[in-house]
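First up is the structure itself, then whatever we jot down about it.
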Amino acid sequence: MTTVRRYIMRPTCSPRSSSSARGGRAKRRDLEGPHGRALVQWADLSAPTQPALAFLLHIPNGGARSARVGAELKRQGVRRGVWDYLLPMARPPVAPAVAGYAGLWIELKEPGERGAARGGLSKHQVAFGRFVQAHGYAAVVAYDWTEARDALLAYLDAGAVPLFFVP
């Protein structure tokens with residue numbers, strides 16, 4: 001008999017040192033990363049019952065990089081504003097008045113950014129969200145991993161329509 005382990009996914013943020021070893025600049029705490037890891041852990045654990053979640057992918061566009069690495073990634077096609085997660089699964093229309101979707105894009109933000117200007121989105125992320133919506137994708141901004149999970153579950157439920165991104 002197979003035992004299924006249940007994990008309590010609580011994103012935790014450990015404080016980093018206030019200054020780096022070089023230059024004395026303060027390091028930014030990673031408040032979004034733990035939520036992303038929890039989301040992917042949940043998706044991996046849920047994939048046996050929701051097989052589409054095995055294809056949830058993360059687009060690692062952000063992050064601090066050297067100028068050399070940044071230039072190389074730009075030559076390889078890294079683009080500003082591309083959202084964090086994509087579920088590349090089309091959904092058929094759920095009713096005559098409701099169109100289907102080509103897939104689901106999720107932008108995961110830090111929980112504290114909910115009240116920020118544009119919901120914490122850069123102008124490039126706003127433009128990307130508008131572009132994908134105009135081309136038939138569902139797009140959701142989530143402010144913690146549970147909101148992203150709920151959007152994925154709503155999307156996978158053929159009768160539900162996830163909330164749209166509103167800039």
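- Although no hydrogens or angles enter the test, the distance criterion places no donor-acceptor pair under 3.5 Å between the side chain of Tyr137 and the main chain of Leu86.
- When the side chains of ILVMFWY residues are joined at heavy-atom separations under 4.5 Å, either directly or via intervening members, Leu121 and Ile59 end up in a single hydrophobic cluster.
- Looking only at side-chain heavy atoms (C-beta outward), Asp84 and His58 come within less than 4.5 Å of each other.
- Tracing side-chain contacts under 4.5 Å through hydrophobic residues (I, L, V, M, F, W, Y), one never reaches Leu73 starting from Trp83; they form parts of separate clusters.
- A donor-acceptor distance shorter than 3.5 angstrom exists from the side chain of Asn61 to the backbone of Arg79, with no hydrogens or angles considered.
- Just one of Arg130, Arg80, Lys109 meets the side-chain hydrogen bond (donor to acceptor under 3.5 Å, both in side chains) condition when paired with Gln125; it is Lys109.
- Residues passing the salt bridge (Lys or Arg N to Asp or Glu O under 4.0 Å) test with Arg75, sequence neighbours excluded: Glu72.
- Closest approach of Ala148 to Ala142, counting heavy atoms only: N-CB, 3.5 Å.
- Side-chain N or O atoms of Glu147 include one that pairs as donor or acceptor with a backbone N or O of Tyr143 at under 3.5 Å.
- The shortest heavy-atom contact between Ala139 and Leu104 is N-CD1, 4.3 Å.
- Side-chain atoms of Trp42 and Thr146, non-hydrogen and from C-beta on, never get closer than 4.5 Å to each other.
- To the nearest 0.5 Å, atoms CZ (Arg149) and CG (Asp144) are separated by 8.5 Å.
- Val40 meets the side-chain contact (heavy atoms from CB on, under 4.5 Å) test with Asp44, Tyr85; sequence neighbours excluded.
- Leu87 and Leu152 get closest at one heavy-atom pair: CD2-CD2, 3.9 Å.
- Looking at every heavy atom in both residues, Leu53 comes nearest to Ala43 through CB-O, 3.8 Å.
- For the pair Leu153/Asp157, no side-chain contact is recorded, criterion being any heavy-atom separation below 4.5 Å from C-beta on.
- Residues Arg91 and Tyr155 form a side-chain contact, since some pair of their non-hydrogen atoms from C-beta on lies under 4.5 Å apart.
- Contact record, Ala52 with Leu156: CB-CD2, 3.9 Å, taken as the closest heavy-atom pair.
- Residue Phe55 is not grouped with residue Leu108 when hydrophobic side chains (ILVMFWY) are merged at heavy-atom distances under 4.5 angstrom, including chains of intermediate members.
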